[in-house]
K.L.:
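The structure that follows is given in the form of structure tokens.
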Amino acid sequence: MSKYGSLNSMQQEAVAYTEGPLLILAGAGSGKTRVLTYRTAYLIEEKGVNPYHIMAITFTNKAAGEMRERIDKLVGFGSEGVWVSTFHSTCVRILRRYIERLGYDNSFTIYDADDQKALMKEVCRRLQIDTKIYKEKNFLGVISSAKDGLVSPEQFARQARGDFVRERQAAVYREYQAMLQKNNALDFDDLIGKTVELFEQVPEVLANYQERFRYVMVDEYQDTNTAQFRLIELLAGKYQNLCVVGDDDQSIYKFRGANIQNILSFEEIYPNAKVVRLEQNYRSTQNILDAANGVIAHNIARKDKALWTDNGQGSRIDFRQLDTAYEEADYIIRDIQGKVQGGKGSYGDCAILYRTNAQSRLFEERLVVANMPYRIVGGVNFYARKEVKDLLAYLKTIDNGSDDLSVRRIINIPKRGIGATTIGRVQAYAEEQGLSFYDALQQVDDIQAIRKAGGKIRPFVNFIQVMRSKLEYLSVSQVLQEVIDGTGYVKELEAENTEESRARIENIDELLSKAFAYDEAAETPTLSGFLEEVALVADIDSLQEGSDYVVLMTFHSAKGLEFPHVYMAGLEDGLFPSYMTILSDDLADLEEERRLCYVGITRAMSDLSITCARQRMIRGEMQYNTVSRFVQEIPRHLLGRGKTAALEKSQKEVQPQSFREAVSKVKPIFSTRNTYQSRNVSFPSANTSKATLEYQVGDRVAHMKFGEGTVSQIVEGGRDYEVTVDFDKVGTKKMFATFAKLKKV
DNA sequence: GTTAGAAACAATCCT
DNA sequence: TGTTTCTAAC
């Protein structure tokens with residue numbers, strides 16, 4: 001048991017209890033991933049369980065990847081047999097094998113949010129519903145929660161009887177589902193729901209998986225919804241060796257169907273369940289934990305627990321209210337700069353957390369000006385960008401001809417002169433004949449209404465057919481390359497030659513390299529396989545540990561992560577907690593928001609900084625907010641500046657008054673042609689004297705991150721030079737000489 | 001059929 | 001404020 005000696009007694013108990021249901025209530029930072037990995041090792045090495053019989057399920061690819069890595073390290077031989085995967089990937093893998101039993105084709109497509117919206121638009125058109133009055137998003141929300149709760153269209157219709165509004169929703173749900181099936185597509189919720197349906201309708205398939213997965217472990221159990229709960233229940237139904245890990249205080253996904261009852265009543269559902277509590281925190285200082293405990297104690301509906309740590313008191317929590325959101329961003333970025341320059345940590349140790357993605361913009365602006373390395377998680381997904389989606393739609397069309405949505409998306413990309421009229425005619429013909437859109441295109445000669453346009457359609461159909469015939473001997477990246485060449489997509493962008501079009505080409509290159517990486521890594525690469533991998537990645541998955549950049553993300557995305565220095569921004573009533581929850585008449589909404597705050601606080605290891613602004617622009621309107629009620633819930637003695645004197649001094653410089661003073665002094669001296677910069681730039685530390693530059697306009701220079709490029713402009717900006725460089729790989733960037741550390745080559 | 005410019009509308013949070 | 005959709009002119 002030597003390997004397990006490094007675990008505390010509760011952790012050991014959880015590791016060694018292998019038979020029957022087990023609930024591990026793991027507080028934030030209590031080492032739950034550690035327990036899960038050691039438990040897997042224990043099963044294999046001490047209990048002689050075949051790795052093939054063990055399954056560990058998480059929510060994100062990142063979490064799965066981490067667990068995979070740690071298990072491999074710990075177990076060594078045979079560990080690759082353990083099934084470590086996310087809910088969605090697991091289900092896709094099962095469905096790819098068996099979904100034909102439910103009347104779908106095994107090469108089904110997965111629809112993302114954009115696709116869903118487009119499909120819903122079509123549904124509303126068919127049902128003659130005015131989308132000005134009844135929003136697509138609304139219907140999609142209703143359907144999504146129905147699916148999360150395993151309510152079928154038929155059940156929904158039955159429950160809706162007599163209620164006019166619900167009846168219409170039922171009709172939309174039915175049509176939506178029918179069209180998904182016709183397109184041979186599944187939406188995200190279907191992945192789970194259809195797997196449950198498969199297990200319930202085809203007992204032999206279920207029996208097969210029950211026999212395989214004799215030991216099931218589920219991470220972040222508090223986030224499971226009804227469908228996921230049912231899935232787990234079915235899988236573990238035979239052997240009952242179900243180990244779930246979670247923390248009810250970190251349940252923050254009610255809006256996507258998470259049912260907190262799954263964890264709260266685990267002991268009722270499995271009366272013989274053993275419960276282990278992990279309450280020792282290994283991550284944060286006592287002050288940070290006290291703050292977190294202070295906040296969460298205001299929630300009523302929770303399992304009582306108290307986190308403690310050996311880590312010592314640590315510094316106090318730095319709280320500051322700034323005048324505007326701009327000053328808030330300035331303050332935080334200056335503080336990070338101070339920490340890095342003061343040797344207290346690297347950029348990678350710092351995370352800025354906020355409630356809404358929109359808040360990231362201000363920080364990004366400042367970070368660019370300050371020339372600090374950063375990475376924003378979330379926002380617009382890479383795979384949701386136009387150019388990427390266009391190319392993927394080609395791949396989907398080649399892979400699955402029933403996917404009308406994809407075909408319609410690309411039929412006129414690049415421009416082939418096929419407009420709305422022609423598409424409408426093809427559509428009408430397809431509906432009349434009961435064909436898919438693509439099949440109708442193939443029979444274009446038989447469509448009476450189309451004469452001239454036929455000549456424009458035929459080359460498109462030809463192209464797709466040729467690509468399909470090449471599938472056998474081409475790799476995914478080769479197929480993609482041929483699509484790019486055949487359509488002239490990149491050529492067109494090159495001709496445009498704008499900053500935007502260059503960025504798009506870059507994205508396409510990135511897509512190509514992802515396809516290439518997939519070809520290399522996958523055991524048996526297929527087009528379907530690539531498309532599904534692409535559909536299931538989340539932005540957070542690509543976050544690499546050990547990279548040296550400031551990370552920006554929402555509180556939601558931060559769950560499961562930890563950083564030495566955490567900045568919680570925008571703690572204002574109305575923003576966090578949001579107006580939605582403040583005005584809600586369901587008290588549970590505010591409690592969920594409070595849990596989100598708890599999650600944020602407990603991400604911090606050594607330093608926590610909380611900020612808010614008196615006024616900020618929201619949707620073009622000025623909003624005046626007071627300090628968040630959550631801040632008031634932190635015991636007062638924990639707030640303040642427990643930092644070194646040196647750092648405090650540097651912080652003073654960014655105080656609104658002195659900052660403005662500094663600017664007003666500076667402005668008249670230097671020319672007005674650069675007013676924007678004189679006003680907004682956060683200056684490098686005061687004692688940086690303006691060094692002479694070793695390069696001038698026209699010189700070749702090298703940058704740590706951006707590679708090589710040519711200097712196109714140098715502007716004197718007071719204490720520093722603003723240098724514009726045309727980089728070979730990443731395009732034109734403006735930067736300050738002091739930070740950029742450009743080397744002449 | 002295509003395009004640009006104006007009007008309308010909109011943000012929680014995510015796999 | 002930023003994005004999507006609509007409208008009118010090419």
Side-chain angles (χ1 to χ4, degrees), chain A residues 57-64 85-92 110-114 116-118 121 131-132 135-137 140-141 144 147-148 186-193 220 223-225 227-228 251-258 325 353-362 365 377-381 383-384 386 411-424 452-453 456 532-541 553-560 570 574-584 589 592-593 595-597 599-600 616-623:
Chain A
I57 284 204
T58 65
F59 275 87
T60 65
N61 294 301
K62 183 172 192 288
S85 181
T86 66
F87 271 102
H88 291 92
S89 313
T90 298
C91 288
V92 171
I110 301 166
Y111 277 1
D112 69 10
D114 284 347
Q116 283 179 282
K117 207 177 155 206
K121 217 172 182 178
T131 53
K132 282 231 170 78
K135 298 271 166 342
E136 295 101 321
K137 248 183 76 182
L140 285 170
S144 177
K147 287 182 175 180
D148 288 343
L186 300 186
D187 65 20
F188 254 83
D189 301 311
D190 278 342
L191 296 179
I192 315 287
E220 306 280 16
D223 289 334
T224 51
N225 62 32
Q228 287 156 339
S251 160
I252 55 171
Y253 281 114
K254 188 175 158 204
F255 72 90
R256 71 176 190 204
L353 309 182
Y354 36 77
R355 178 67 235 265
T356 64
N357 279 309
Q359 284 168 266
S360 68
R361 216 164 243 123
L362 275 180
E365 272 171 32
V377 175
V380 194
N381 190 323
Y383 293 104
K386 270 188 205 73
I411 177 103
N412 199 28
I413 294 177
K415 303 257 161 2
R416 297 184 175 91
I418 304 169
T421 329
T422 312
I423 292 174
K452 282 180 284 177
K456 296 166 178 168
E532 116 196 1
E533 197 173 285
V534 152
L536 296 181
V537 294
D539 206 22
I540 192 85
D541 298 334
M553 65 183 122
T554 62
F555 292 113
H556 281 92
S557 304
K559 195 175 62 149
L575 188 60
F576 189 34
S578 69
Y579 278 121
M580 301 274 234
T581 52
I582 292 176
L583 298 177
S584 160
D589 289 342
E592 170 137 326
E593 200 86 342
R595 288 193 291 272
L596 187 58
C597 183
V599 167
R616 73 170 66 234
M617 285 285 239
I618 295 199
R619 267 192 279 161
E621 256 177 306
M622 194 58 83
Q623 212 175 74

K.L.:
Starting from C1' on B:dA11, measure out to CZ on A:Arg355 and report it in whole angstrom.
P.N.:
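From A:Arg355 CZ to B:dA11 C1': 10 Å.
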K.L.:
If we only count heavy atoms from C-beta on, is the A:Asp190 to A:Tyr111 side-chain gap below 4.5 Å?
P.N.:
no
K.L.:
Heavy-atom nearest nucleotide on DNA chain B for A:Arg256 versus A:Arg416: which residue maps closer to 5'?
P.N.:
A:Arg416
K.L.:
With sequence neighbours left out, what residues match A:Ser251 under side-chain hydrogen bond (donor to acceptor under 3.5 Å, both in side chains)?
P.N.:
none
K.L.:
Rounded to whole Å, how long is the line connecting atom CG of A:Leu362 with atom C1' of C:dT1?
P.N.:
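Roughly 11 Å, once rounded to whole Å.
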K.L.:
Would you tell me if any nitrogen or oxygen in the side chain of A:Lys415 comes within less than 4.0 Å of OP1 or OP2 on B:dT3?
P.N.:
yes
K.L.:
Please examine the side chains of A:Leu353 and A:Met553, heavy atoms only from C-beta on, and report whether any two atoms are closer than 4.5 Å.
P.N.:
yes
K.L.:
A side-chain contact here means heavy atoms from C-beta on lying under 4.5 Å apart; do A:Tyr354 and A:Leu575 qualify?
P.N.:
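No - every pair of side-chain heavy atoms lies 4.5 Å or more apart.
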K.L.:
Do any side-chain nitrogens or oxygens of A:Asn357 fall under 4.0 Å of OP1 or OP2 in B:dC13?
P.N.:
yes
K.L.:
Reading nucleotides 2-10 of chain C from the 5' end, what letters show protein touch, with B for base, S for backbone sugar-phosphate only, - for no heavy atom under 4.0 Å?
P.N.:
SS-S-----
K.L.:
Could you check whether A:Ala358 gets within reach of a base, just the sugar-phosphate, or nothing at all, counting any heavy atom under 4.0 Å?
P.N.:
base
K.L.:
With a 4.5 Å cut-off on side-chain heavy atoms, are A:Glu593 and A:Met580 touching?
P.N.:
no
K.L.:
Of the options B:dC14, B:dT12, C:dT1, whose atoms approach the side-chain atoms of A:Met617 most closely?
P.N.:
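Per side-chain heavy atoms of A:Met617, the pick is C:dT1.
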K.L.:
Could you work out the separation of B:dC13 and C:dT4 based on their P atoms and round it to a whole Å?
P.N.:
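To the nearest whole Å, 14 Å.
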K.L.:
Counting only N and O atoms by type, is there a donor-acceptor contact under 3.5 Å from the side chain of A:Asn61 to the main-chain atoms of A:Leu536?
P.N.:
yes
K.L.:
B:dT15 P sits how many Å from A:Ile57 CD1, rounded?
P.N.:
16 Å
K.L.:
Whole angstroms only, please: what is the CD-P distance between A:Gln359 and B:dC13?
P.N.:
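Going from A:Gln359 (CD) to B:dC13 (P), I get 9 Å.
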K.L.:
What's the CD1-P distance between A:Ile413 and B:dG1, to the nearest Å?
P.N.:
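From A:Ile413 CD1 to B:dG1 P: 15 Å.
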K.L.:
Can you identify which nucleotide, out of B:dT15, B:dC13, B:dA10, has its nearest atom closest to the A:Lys135 side chain?
P.N.:
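Nearest to the side chain of A:Lys135 among the choices is B:dA10.
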K.L.:
B:dT15, B:dA10, B:dC13: which one has an atom nearest the side-chain heavy atoms of A:Arg619?
P.N.:
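Among the listed nucleotides, the one closest to the side chain of A:Arg619 is B:dA10.
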K.L.:
Side chains of A:Thr224 and A:Phe87: does their closest heavy-atom pair fall under 4.5 Å?
P.N.:
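Contact flag for A:Thr224/A:Phe87 side chains = yes.
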K.L.:
Both A:Gly419 and A:Tyr253 contact DNA chain B. Which one's nearest nucleotide lies toward the 5' end?
P.N.:
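With A:Gly419 and A:Tyr253 compared, the 5'-side residue is A:Gly419.
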K.L.:
Taking side-chain contact (heavy atoms from CB on, under 4.5 Å) as the test, write out the residues that go with A:Asp589, two or more places apart.
P.N.:
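If we apply the side-chain contact (heavy atoms from CB on, under 4.5 Å) test to A:Asp589, skipping adjacent residues, the hits are A:Lys254, A:Thr581, A:Ser584, A:Asp586.
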K.L.:
Between A:Asn225 and B:dT15, does any side-chain N or O lie under 4.0 Å from OP1 or OP2?
P.N.:
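Checking B:dT15 against A:Asn225, no side-chain N or O comes under 4.0 Å of OP1 or OP2.
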K.L.:
Which nucleotide wins on minimum distance to the side chain of A:Thr421, given the candidates B:dT2, B:dC13, B:dG1?
P.N.:
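Per side-chain heavy atoms of A:Thr421, the pick is B:dG1.
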K.L.:
C1' atom, B:dA11 versus C:dC6: distance in rounded Å?
P.N.:
22 Å
K.L.:
When you compare the side chain of A:Phe576 with that of A:Phe555, does any pair of heavy atoms fall below 4.5 Å?
P.N.:
yes
K.L.:
Would one find a side-chain N or O of A:Thr554 under 4.0 angstrom from OP1 or OP2 of B:dT12?
P.N.:
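So the side chain of A:Thr554 is outside the cut-off, no N or O lying under 4.0 Å from OP1 or OP2 of B:dT12.
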K.L.:
Verify the contact: side-chain N or O of A:Lys254 to OP1 or OP2 of B:dC13, cut-off strictly under 4.0 Å; return yes or no.
P.N.:
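For B:dC13, neither OP1 nor OP2 has a side-chain N or O of A:Lys254 closer than 4.0 Å.
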K.L.:
Report yes if a side-chain nitrogen or oxygen of A:Thr422 is closer than 4.0 Å to either non-bridging phosphate oxygen (OP1 or OP2) of B:dG1; otherwise report no.
P.N.:
yes
K.L.:
Under 4.0 angstrom, heavy atoms only, what part of the nucleic acid is A:Ser557 near: base, sugar-phosphate, or nothing?
P.N.:
sugar-phosphate
K.L.:
Rounded to the nearest Å, what distance is computed from the CG atom of residue A:Leu583 to the P atom of nucleotide B:dT12?
P.N.:
13 Å
K.L.:
What's the CE-P distance between A:Met553 and B:dT12, to the nearest Å?
P.N.:
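To the nearest whole Å, that distance equals 21 Å.
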K.L.:
Check the distance between B:dT15's P and A:Asp114's CG and give it to me in whole angstrom.
P.N.:
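In whole Å, B:dT15 P lies 15 Å from A:Asp114 CG.
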K.L.:
Please tell me which of the listed nucleotides, B:dC14, B:dT2, B:dT15, lies nearest to the side chain of A:Asn412?
P.N.:
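Of the candidates, B:dT2 comes closest.
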K.L.:
Using a heavy-atom cut-off of under 4.0 Å over every strand shown, decide if A:Phe255 touches base, sugar-phosphate, or nothing.
P.N.:
base
